[in-house]
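The next block holds one structure in the form of structure tokens; read it before the comments.
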Amino acid sequence: QVRLAESGGGLVQAGGSLRLSCAASGRTFSSYAMGWFRQAPGKEREFVAVISWSGDNTDYADSVKGRFTISIDNAKNTVYLQMNSLKSEDTAVYYCVAEVKHDLGPSGYRYWGQGTQVTVFS
């Protein structure tokens with residue numbers, strides 16, 4: 001069974017940075033795509049970023065391009081989301097996701113973590 005455990009959320013001032021981590025366990029992940037979604041209060045869950053297990057390919061939502069960076073440490077089975085220049089509109093619960101697939105599209109993720117809260121204040 002795939003288990004995803006996020007950490008690193010918190011309270012940060014606008015313009016600041018946070019790094020989220022997602023530790024994956026329970027499987028061999030070499031064929032997985034790993035990513036992040038978020039859900040703000042009163043809004044639908046939205047795609048943020050995705051990375052192939054090899055780390056060779058990534059994709060981002062337009063709203064975070066140039067500010068967020070997704071990366072992976074295969075030895076630790078851990079995916080990271082470095083978030084810089086944070087804005088109040090980035091406030092949301094951030095979820096780590098995983099799926100056995102090679103495309104990096106924003107759909108079809110079966111495995112979800114419990115989420116970590118990120119709150120950006122002005």
Side-chain angles (χ1 to χ4, degrees):
Q1 183 178 350
V2 174
R3 290 178 293 275
L4 304 172
E6 304 99 334
S7 61
L11 191 64
V12 63
Q13 192 168 17
S17 299
L18 278 177
R19 189 178 79 158
L20 304 183
S21 299
C22 172
S25 62
R27 291 281 174 85
T28 299
F29 293 95
S30 58
S31 298
Y32 277 66
M34 307 288 295
W36 294 90
F37 280 65
R38 66 186 181 186
Q39 187 167 22
K43 295 187 177 181
E44 293 188 355
R45 199 169 289 183
E46 66 173 353
F47 165 77
V48 176
V50 63
I51 189 167
S52 59
W53 188 254
S54 67
D56 292 339
N57 298 294
T58 60
D59 196 16
Y60 297 89
D62 288 342
S63 59
V64 307
K65 279 181 182 176
R67 300 188 299 121
F68 290 11
T69 302
I70 190 169
S71 61
I72 192 164
D73 185 334
N74 299 126
K76 295 182 179 179
N77 281 1
T78 299
V79 177
Y80 302 97
L81 186 68
Q82 178 66 44
M83 305 185 295
N84 298 330
S85 302
L86 282 161
K87 307 174 182 180
S88 57
E89 51 263 46
D90 294 317
T91 294
V93 177
Y94 283 72
Y95 297 90
C96 179
V97 298
E99 184 52 61
V100 181
K101 60 174 189 164
H102 296 289
D103 72 277
L104 298 186
S107 61
Y109 293 91
R110 286 179 293 167
Y111 304 108
W112 292 71
Q114 293 298 307
T116 185
Q117 177 71 47
V118 172
T119 302
V120 184
F121 65 94
S122 299

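These numbers come from the heavy atoms of this one structure, side chains and all, not from hydrogens, waters or symmetry mates.
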Using side-chain heavy atoms (C-beta onward) and a distance below 4.5 Å, is [X] in contact with [Y]?
{"X": "Val64", "Y": "Arg38", "value": "yes"}
{"X": "Arg45", "Y": "Val93", "value": "no"}
{"X": "Leu81", "Y": "Val79", "value": "no"}
{"X": "Met34", "Y": "Ile70", "value": "no"}
{"X": "Phe121", "Y": "Gln13", "value": "yes"}

Looking only at heavy atoms, what is the nearest atom pair of [X] and [Y], with distance?
{"X": "Leu20", "Y": "Val118", "value": "CD2-CG2, 4.0 Å"}
{"X": "Ser122", "Y": "Ala14", "value": "CA-CB, 4.4 Å"}
{"X": "Ala61", "Y": "Phe47", "value": "CB-O, 3.4 Å"}
{"X": "Asn84", "Y": "Ser17", "value": "OD1-OG, 2.9 Å"}
{"X": "Gly8", "Y": "Leu18", "value": "O-CD2, 3.9 Å"}
{"X": "Thr91", "Y": "Pro41", "value": "O-CD, 4.3 Å"}

* May I ask you to establish whether Arg19 and Tyr80 are in a cation-pi arrangement, using a distance under 6.0 Å from NZ or CZ to the six-membered ring centre and at most 45° from the ring axis? =>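 Arg19 over Tyr80 ring: yes.
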* To do: Determine which pairs satisfy side chain to side chain donor-acceptor pair (under 3.5 Å) with at least one residue from residues 112-121, sequence neighbours left out, and list them in order.
  =>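 Sorted result for residues 112-121: Gln117-Thr119.
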Same cluster or not: [X] versus [Y], using hydrophobic residues (I, L, V, M, F, W, Y) connected whenever any side-chain heavy atoms lie under 4.5 Å apart?
{"X": "Ile72", "Y": "Val2", "result": "yes"}
{"X": "Val48", "Y": "Val12", "result": "yes"}
{"X": "Ile51", "Y": "Leu4", "result": "yes"}

* Asked: Should Tyr109 and Phe37 be marked as a side chain to side chain contact (heavy atoms under 4.5 Å, CB included) after you check the CA-CA gap, both sets of side-chain angles, and the distance that decides it?
  -> CA-CA 10 Å; Tyr109 293 91; Phe37 280 65; 3.9 Å; yes
* To do: Enter the distance from Ser30:OG to Asn74:CG here, rounded to the nearest 0.5 Å.
  =>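 So the gap between those two atoms works out to 9.5 Å.
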* NZ-CZ distance between Lys101 and Arg110, expressed to the nearest 0.5 angstrom ->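 One finds 11.0 Å between NZ of Lys101 and CZ of Arg110.
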* **Working for side chain to side chain contact (heavy atoms under 4.5 Å, CB included), residues Arg67 and Met83** => CA-CA 6 Å; Arg67 300 188 299 121; Met83 305 185 295; over 6 Å; no
* To do: Please work out which of the three classes, parallel, tilted or perpendicular, describes the rings of Tyr111 and Tyr32, given edges at 30° and 60°.
  =>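 Rings of Tyr32 and Tyr111: tilted, as their planes differ by 30° to 60°.
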* **Side-chain ion pair, Lys65 and Asp62, N-O less than 4.0 Å** =>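 Yes, Lys65 and Asp62 are salt-bridged.
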* Polar contact flag, side-chain donor to acceptor under 3.5 angstrom, Ser54-Ser52 ->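 Checked: Ser54/Ser52 side chains pair up, N/O donor to acceptor below 3.5 Å.
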* Asked: When the ring centroid of Trp53 is compared with that of Phe29, is the distance short of 6.0 Å?
  ->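 Yes, ring centres under 6.0 Å apart.
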* To do: Give a yes or no on whether the backbone of Gly115 and the side-chain of Glu6 come within a donor-acceptor separation of less than 3.5 Å.
  =>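 Indeed, once roles are kept as given, a pair shorter than 3.5 Å links the two residues.
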